[in-house]
Amino acid sequence: AQKVTQAQTEISVVEKEDVTLDCVYETRDTTYYLFWYKQPPSGELVFLIRRNSFDEQNEISGRYSWNFQKSTSSFNFTITASQVVDSAVYFCALNDYKLSFGAGTTVTVRA
Amino acid sequence: DSGVTQTPKHLITATGQRVTLRCSPRSGDLSVYWYQQSLDQGLQFLIHYYNGEERAKGNILERFSAQQFPDLHSELNLSSLELGDSALYFCASSVGTGTSGYTFGSGTRLTVV
């Protein structure tokens, strides 16, 4: 069975601080895809990043970066220099034939 | 605008009633997925259709059913509604089976009173 664990329930930071969100997953598949989604207060689910299991290269995209470590089954996500507009619930998700979501981490960025 | 259209955006109905939620996938996407987001259960996968055929079922109650039509839009039917069915229902679409990513609609917020 697929399982995604986001141990952090809530994170509160002051603007311009960096925020790192932890995600640990379980799967028996050798090929899988990992995602991060953002759900702002307006409620929609916004796609942020995708990574497949064959590519452990970590990347930076604007203020977002991610750290995928297959050896520890972790897929952590970092927001650099956070802004108030980053306040949202962030979900890590694992794909086989469907997306399995973690419970989400609520990020509050205070001005 | 994500390209996935869900209607209605809000729905308030009484217990015991039946409602239909509609989803139009992004142009070119053949797969439609339904998810339920409730406070106590989080985001739960309900069902997946690919090009009109049911491909996978998740934690979908027997009172719920879905279908995907030839024009690829999908409907989720919820019947004998209970208070606990109050939730945000999302539709997502993908080109194939989601490995290239899923695009979510803005959701339908269902309130059962």
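All values below come from the heavy atoms of this structure, side chains included, with hydrogens, waters and symmetry mates left out. Naming: A, B, ... by sequence-line order, numbering from 1 per chain.
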Original post:
Would you say the side chains of A/S53 and A/Y33 form a donor-acceptor pair under 3.5 Å?
Top reply: no
**OP:** Give a yes or no on whether the ring-centroid distance for A/W66 and A/F77 is below 6.0 angstrom.
**Re:** no
Original post:
Between B/R18 and B/S80, is any side-chain donor less than 3.5 angstrom from a side-chain acceptor?
Top reply: no
Original post:
Quick one: do B/V112 and B/W34 end up in the same hydrophobic cluster if we chain Ile, Leu, Val, Met, Phe, Trp and Tyr together by side-chain heavy atoms under 4.5 Å apart?
Top reply: yes
**OP:** Pick one of side chain, backbone, both or neither for B/Y33, based on which atoms fall under 4.5 Å of a heavy atom in chain A.
**Re:** side chain
Subject >> B/L43, part contacting chain A, at a heavy-atom distance under 4.5 Å >> reply: both
Original post:
Using non-hydrogen atoms only, which part of A/F91 is less than 4.5 Å away from chain B: side chain, backbone, both, or neither?
Top reply: side chain
**OP:** Tell me, out of A/Y32, A/F35, A/F101, who's got the most heavy-atom pairs with chain B below 4.5 Å.
**Re:** A/F101
Original post:
Top residue by heavy-atom pair count (under 4.5 Å) with chain A, among B/Q41, B/Q37, B/R55, B/H48?
Top reply: B/Q37
Subject >> Most contacts with chain A, counted as non-hydrogen pairs under 4.5 angstrom, among B/A56, B/S106, B/G101 >> reply: B/G101
Subject >> Spacing of OG1 belonging to A/T5 relative to CG belonging to A/D22, to within rounding of 0.5 Å >> reply: 11.0 Å
